[in-house]
Trainee: 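To start, I am sharing the structure in question, which I have written as structure tokens.
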Amino acid sequence: MIELIGGAILGGVISWVITRYYYKKSSVKAPEWAKPLIEKLPEVTPSLEELTALFQKEINKGTIKPHPVFQHVACPNCNAPLDKLKERIMGDDYTTILEISCPNCGWNDWAEV
């Protein structure tokens, strides 16, 4: 009888530890720039038009500031905030190239300006 109770308690603890590990592994934190937008989301899933209008409203208010050249608000690969991305300007007398890259995941993009 004691073995049965001990086995149930031990099994419950092991199950709890495994569940907690995978729960923490699966939970993702929202980036700081997205928190004001997430707080204003409706309880039901918005349509694409509603979501686009909500995002545009936050851009118009200045809450979200996209990059002036690339129009990104975060790294499209890993969601690192815009202020963490690195910029580099290269060029000569005829051409100027702006490169933006993410030190977290290695994503990069460039544009001739």
Side-chain angles (χ1 to χ4, degrees):
M1 184 67 153
I2 293 178
E3 294 87 13
L4 181 63
I5 294 172
I9 292 172
L10 183 62
V13 169
I14 290 172
S15 176
W16 178 81
V17 168
I18 291 171
T19 303
R20 181 168 168 79
Y21 170 76
Y22 281 105
Y23 172 76
K24 285 188 146 229
K25 188 176 179 181
S26 69
S27 56
V28 177
K29 291 184 180 179
E32 288 299 317
W33 62 265
K35 287 183 180 180
L37 181 63
I38 291 171
E39 290 171 358
K40 294 179 182 171
L41 285 174
E43 293 297 318
V44 295
T45 305
S47 68
L48 181 59
E49 292 80 20
E50 292 170 330
L51 187 60
T52 303
L54 185 60
F55 192 74
Q56 186 62 48
K57 182 178 174 184
E58 293 301 316
I59 288 175
N60 293 345
K61 284 183 0 186
T63 308
I64 299 173
K65 295 181 176 123
H67 189 277
V69 174
F70 297 101
Q71 301 303 311
H72 296 298
V73 293
C75 172
N77 205 27
C78 71
N79 289 329
L82 190 60
D83 62 343
K84 302 291 183 203
L85 301 181
K86 305 291 182 197
E87 290 184 8
R88 187 169 68 153
I89 298 174
M90 304 170 281
D92 55 22
D93 292 340
Y94 304 104
T95 305
T96 303
I97 295 177
L98 176 63
E99 179 185 42
I100 188 170
S101 62
C102 179
N104 291 341
C105 67
W107 169 87
N108 66 359
D109 196 4
W110 64 274
E112 188 175 330
V113 290

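The figures that follow rest on heavy atoms only: side chains count, while hydrogens, waters and symmetry mates do not.
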Trainee: side-chain contact (heavy atoms from CB on, under 4.5 Å) with Cys105: which of Pro103, Ser101, Cys102?
Mentor: Cys102
Trainee: Drop me the distance from Lys57's NZ to Ile64's CD1, to the nearest 0.5 angstrom.
Mentor: 12.0 Å
Trainee: Check whether any side-chain heavy atom of Thr96 lies under 4.5 Å from a side-chain heavy atom of Ile89, and answer yes or no.
Mentor: yes
Trainee: Would you mind listing the cluster partners of Leu48? Hydrophobic ones only (ILVMFWY), side-chain contacts under 4.5 Å, chaining allowed.
Mentor: none
Trainee: Return each pair, listed once, that meets ring-ring contact (aromatic ring centres under 6.0 Å, His included) where at least one residue sits in residues 35-66; pairs must be two or more places apart or across chains.
Mentor: none
Trainee: Okay, side chain of Thr19, backbone of Ser15: is any donor-acceptor separation there less than 3.5 Å?
Mentor: yes
Trainee: To the closest 0.5 Å, what do you measure between CG (Asp109) and CD1 (Ile100)?
Mentor: 8.0 Å
Trainee: Applying side chain to side chain contact (heavy atoms under 4.5 Å, CB included), can you list everything that pairs with Ser47, at least two apart in sequence or on another chain?
Mentor: Glu49, Glu50
Trainee: Which side-chain N or O atoms in residues 68-82 pair as donor and acceptor under 3.5 Å with protein atoms at least two apart or in another chain?
Mentor:
residue, atom, partner, partner atom, Å
Gln71, NE2, His67, O, 3.2
Gln71, NE2, Pro68, O, 3.0

Trainee: For Asp92, what residues pass the side chain to side chain contact (heavy atoms under 4.5 Å, CB included) criterion, not counting sequence neighbours?
Mentor: Tyr94, Thr95
Trainee: Under the side chain to side chain contact (heavy atoms under 4.5 Å, CB included) test, which residues partner Glu99, sequence neighbours left out?
Mentor: Arg88, Met90, Asn108, Trp110
